[in-house]
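Only one structure is covered here, and it is reproduced in the block below.
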Amino acid sequence: MLDILYRDPELIAIHKPSNLLVHRSELDYHETEFALQQLRNQLGQHVYPVHRLDKATSGALLFALNPEMARRMGEAFATRQVQKSYLAVVRGWPPASGEIDHPLSIRADELPPELAAGASKAPQAAQTAFQTLAQFELPWAVDKYPSSRYALVALQPHTGRKHQLRRHMKHLQHPMIGDSTYGKGRHNRAFAEAFEVDRLLLACTGLAFTHPRSGQALAIHCPLAADFSHVLAQLAALPLQPDLLSLLKQQGIGFLPAQASAPRNQRIYV
C-alpha cells in the first residue's frame with residue numbers, strides 16, 4: 001500500500017518508492033507495477049498524474065483526482081509555479097552552494113519513435129540550485145586515491161528537464177551514488193556492498209505551490225525512505241560527522257534513524 005502524504009477532494013500526494021514507475025513506459029515494457037495503477041486500486045477511483053519522478057527516484061509524487069485539476073496542476077508545473085526539493089548523496093565534495101545553469105539536449109527516449117532516429121533539437125535551458133549539507137570521507141580506494149569522498153546535497157530544480165538533477169550533478173563532476181546511467185559503477189558497487197542498499201540515492205522531499213482551487217499556499221513534505229535513511233544513519237555514525245538529524249529537520253525533511261553501524265565494506269576498488 002502506498003503511503004499518502006496529503007489528500008483533499010481534488011489532489012493527493014503519495015510517497016513513491018524507488019524502482020516503481022509512475023505509469024506504463026515503452027522503455028520498461030516488462031514492468032507490471034505502476035504507481036498510478038496501485039493508487040487507483042488503493043482509492044477505488046481514477047487518478048491523474050500531473051508530473052513525473054524517475055523510476056529510480058523515491059519521494060513526493062502528486063496526482064489529481066479529476067481532469068480539470070490535472071490540467072491546472074500540469075500548467076503550474078509547466079510554468080514553474082511549483083517549488084520542488086530533493087536530497088541526494090553524490091560523489092566528491094561539491095562547493096558549499098551554487099547554481100547550475102547548463103542547457104540539456106533532448107534525449108532520444110523523450111521523442112516519439114518516428115522522430116527519435118533523425119531528429120535534432122537545440123539544448124533546452126536548465127537551472128538547478130544546490131547546497132551541500134554534509135561531507136563524508138570513507139577509507140575506500142575506489143579510484144586512485146586512498147580514500148573516497150561523498151556529500152549529502154539539497155537540490156532545487158528551477159526547470160523540469162528529463163534526468164535534470166542527475167545530468168547536472170554529472171556536469172558538476174559530482175554524480176549521484178546509485179546512478180547507473182550517469183554515475184560511476186565502482187562507487188555505486190562500493191555503496192551497495194557497504195550499506196546493503198542498491199538504489200539511486202535521490203529523493204523528492206517536498207513540493208510547495210498555491211492550491212489552484214483554494215488559493216492557499218500548500219507545502220507537502222516527504223520523509224526519506226527507510227533504505228535512504230539507513231545509509232544516512234550509518235554515515236552520521238562516522239567520526240567527526242555533523243548531526244544529520246538536526247540538519248535534515250532544518251530542511252523540513254523527516255529522517256527515520258536506523259540502527260547505526262560502521263560501513264562493513266573495507267575492500268579496495270581499483
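We're numbering straight along the sequence, starting at 1.
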Is any side-chain heavy atom of Pro157 closer than 4.5 Å to a side-chain heavy atom of His168? no
Any side-chain heavy-atom pair of Arg167 and Tyr182 under 4.5 Å: yes
Using the test ring-ring contact (aromatic ring centres under 6.0 Å, His included), find all partners of Phe209 that sit at least two apart in sequence or belong to another chain.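 ring-ring contact (aromatic ring centres under 6.0 Å, His included) check on Phe209 returns nothing, list empty.
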What pairs with His15 under ring-ring contact (aromatic ring centres under 6.0 Å, His included), at least two apart in sequence or on another chain?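 For His15, no residue satisfies ring-ring contact (aromatic ring centres under 6.0 Å, His included) once neighbours in sequence are set aside.
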With distance as the sole criterion, is a donor-acceptor pair present between the side chains of Gln164 and Thr159 under 3.5 Å?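 Distance-only check passes for Gln164 and Thr159.
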Does any donor atom in the side chain of Gln127 or Glu99 lie under 3.5 Å from an acceptor atom in the other side chain? no
Is there a continuous path of hydrophobic side-chain contacts, each under 4.5 Å between heavy atoms, that joins [X] to [Y]?
X: Leu11; Y: Leu207; value: yes
X: Val142; Y: Leu235; value: yes
X: Leu2; Y: Leu36; value: yes

Shortest non-hydrogen separation from [X] to [Y] and the atoms involved:
X: Ile4; Y: Leu43; result: CD1-CD2, 4.3 Å
X: Ala35; Y: Ile14; result: CB-CD1, 4.3 Å
X: Ile220; Y: Ala13; result: CD1-CB, 3.8 Å

Residues in side-chain contact (heavy atoms from CB on, under 4.5 Å) with Ser147, at least two apart?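 Testing Ser147 for side-chain contact (heavy atoms from CB on, under 4.5 Å), a comparison that skips the adjacent residues, returns Glu137.
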Without swapping roles, check the side chain of [X] against the backbone of [Y] for a donor-acceptor pair under 3.5 Å.
X: Ser105; Y: Pro123; answer: no
X: Arg72; Y: Pro212; answer: yes
X: Asn188; Y: Asp179; answer: yes

Do any pairs count as a salt bridge (Lys or Arg N to Asp or Glu O under 4.0 Å) and have a residue in residues 2-18, sequence neighbours left out, and if so which ones? Glu10-Arg213
Side chains of residues 82-95: which donor-acceptor partners sit under 3.5 Å, not counting sequence neighbours?
from: Ser85; atom 1: OG; to: Gln156; atom 2: NE2; distance (Å): 3.4
from: Trp93; atom 1: NE1; to: Phe136; atom 2: O; distance (Å): 3.0
from: Trp93; atom 1: NE1; to: Tyr150; atom 2: O; distance (Å): 3.2

Report the C-alpha distance between Leu201 and Met176 in whole Å, list the side-chain angles of each, state the deciding distance to 0.1 Å, and finish with yes or no for side chain to side chain contact (heavy atoms under 4.5 Å, CB included). CA-CA 7 Å; Leu201 292 177; Met176 295 180 187; over 6 Å; no
Applied to residues 44-85, the ring pair (Phe, Tyr, Trp, His ring centres under 6.0 Å) test, sequence neighbours excluded, yields His51-Phe77
